[in-house]
*Asks:* 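Take a look at this one; I'll ask things after.
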Amino acid sequence: MAKVRKTRGALIHLLALSLVSFLLITISVRWKYNSTFIQVAVISAMAPIQEIVAKSTHLLSRGVSFYFDLVAVRKKSEALKKELNSLKAEAARMAELNMENQRLRKMLAFKENSPLGLLAARVIGISATNWSRAIIIDRGSADGLRDDMSVITQEGLVGRIIEVGLSNSKVMLMTDVRSAVDGIVQRSRSGGVVVGASDGISLMKYLQLDADVRPGDLVISSGMGGVFPKGLIVGKVKKLSSRGQSLFKEAEIEPAAKLTSLEEVFVVVK
Amino acid sequence: MYAIYLILSVVVVFVLQSTLFPLFFPAQLRPDLALLASVYFGLYWGEKTGVWMGFVFGIIEDSLSVGPLGLNAFIKSLLGFSAGYLRHNIAASNPFPQVMLIFAASLIDGLIVNLAGRFLPLGSMSLKRYALTAPLFAASNCALGLVMFGIMRRAELRWRLRGLGGPPL
């Protein structure tokens with residue numbers, strides 16, 4: 001009963017307010033929607049609040065926009081970093097190709113002018129221990145290589161082949177302690193044997209005490225022993241020494257070929 | 001004291017409706033907070049509060065928009081009353097009837113505005129356009145309505161727990 005009374009009361013309110021609404025609609029339409037005092041009052045009351053909220057919203061919106069801009073800039077920066085790294089790698093590759101090109105040009109010129117039969121090979125590995133001086137090249141028996149073939153660069157002698165595989169070979173460098181090259185001093189024709197020393201240099205042993213050898217003299221292979229052809233540049237005399245009662249003197253030889261940075265070499269096949 | 005709660009509700013609803021919502025919702029999908037609040041007060045506070053709050057929300061809405069003053073006041077008070085009347089016949093706190101009620105209220109709101117436009121020099125959209133846009137508008141109202149009802153109900157219960165009054169639950 002109370003519920004029905006409540007509903008009836010609310011219905012009366014609804015009817016009254018509907019009447020007010022229709023009245024307002026009528027007035028509003030009659031006045032062609034010109035502002036009534038109610039509208040003016042409502043707008044005036046809401047305006048300050050709206051302004052504060054609008055300003056806050058604007059600030060918030062700017063903050064959010066700034067954040068998104070930052071995220072976008074960060075993404076762009078990461079993309080640019082990636083691109084830069086890629087370009088750096090590309091530049092390094094190009095520089096590498098350019099250097100390789102220059103080396104190969106020099107080698108080609110050397111090969112064309114050399115009376116020897118030469119086969120170019122790429123160094124694919126270096127000795128795995130500290131106690132030996134050797135390199136691995138990408139040519140083997142399939143290319144006609146055999147043991148004891150000489151290996152050189154345009155600068156000079158590198159060493160000789162000591163093991164031949166099907167498609168690769170091991171080359172003992174002239175600085176290895178087991179290496180021996182019969183050499184002569186180009187200027188005075190004084191002979192000796194160039195052997196490897198453990199510290200990456202070579203020594204020319206068995207030089208006569210009266211042999212005419214000076215620092216800076218060029219040492220070449222003599223062709224004796226049948227391993228190295230005659231006339232290959234072995235190195236340059238760096239220092240001379242003789243031990244007290246010894247019958248011979250010896251010279252420290254700086255190898256002509258840059259044995260620590262070999263990349264391409266020639267194998268003397270004829 | 002609960003008059004303060006009601007006034008605060010009105011202010012918050014119109015501040016959100018007129019400043020924040022235009023930033024986040026496209027015009028056709030912008031929820032009508034005044035409609036949702038009218039339904040809410042009808043549903044939880046009863047027919048009488050529904051009628052009065054609907055009228056207040058409607059008259060402010062009319063004042064802040066283009067159109068004859070009183071049209072929304074009439075519609076919202078009618079919706080407030082209807083929600084209050086129906087709450088005795090449905091499980092008012094259950095989300096499903098709430099969604100149905102909001103959906104129906106949204107369609108009726110659009111329909112009355114559209115019909116009024118045919119009798120008053122307001123201009124109105126075609127029925128086909130109404131049929132296309134009204135369900136979307138109603139759906140966005142439903143989505144927001146569920147969230148809003150939850151928030152308002154929680155705020156109201158806290159208000160009551162502090163002994164600040166309100167009609168019987």
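So that the names make sense, note that chain A is the first sequence line, chain B the second, and so on, each numbered from 1. As the structure is a prediction and not an experimental result, all values here were calculated from the model. The basis for the numbers below is simple: all heavy atoms, side chains too, and nothing from hydrogens, waters or symmetry mates.
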*Asks:* Report yes if the side chains of A:I135 and A:L259 come closer than 4.5 Å at any heavy-atom pair, otherwise no.
*Replies:* no
*Asks:* Quick check on B:L78 against chain A: is it the side chain, the backbone, both or neither that has a heavy atom closer than 4.5 Å?
*Replies:* both
*Asks:* Do A:K170 and A:I161 come close enough that some side-chain heavy atom pair is under 4.5 Å?
*Replies:*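 Not in contact.
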*Asks:* Could you measure the distance from the NE2 atom of A:H13 to the CD atom of B:E47? Nearest 0.5 Å is fine.
*Replies:*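 If I round to the nearest 0.5 Å, the distance is 11.0 Å.
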*Asks:* Between A:L19 and chain B, with a heavy-atom cut-off of 4.5 Å, which part of the residue counts as in contact: side chain, backbone, both or neither?
*Replies:*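 For A:L19, there is no contact with chain B at all, as no heavy atom is under 4.5 Å.
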*Asks:* Under 4.5 Å between any side-chain heavy atoms of B:W52 and B:L6, yes or no?
*Replies:* no
*Asks:* Measure distances from B:F81 to the heavy atoms of chain A and classify the residue's part below 4.5 Å as side chain, backbone, both or neither.
*Replies:* side chain
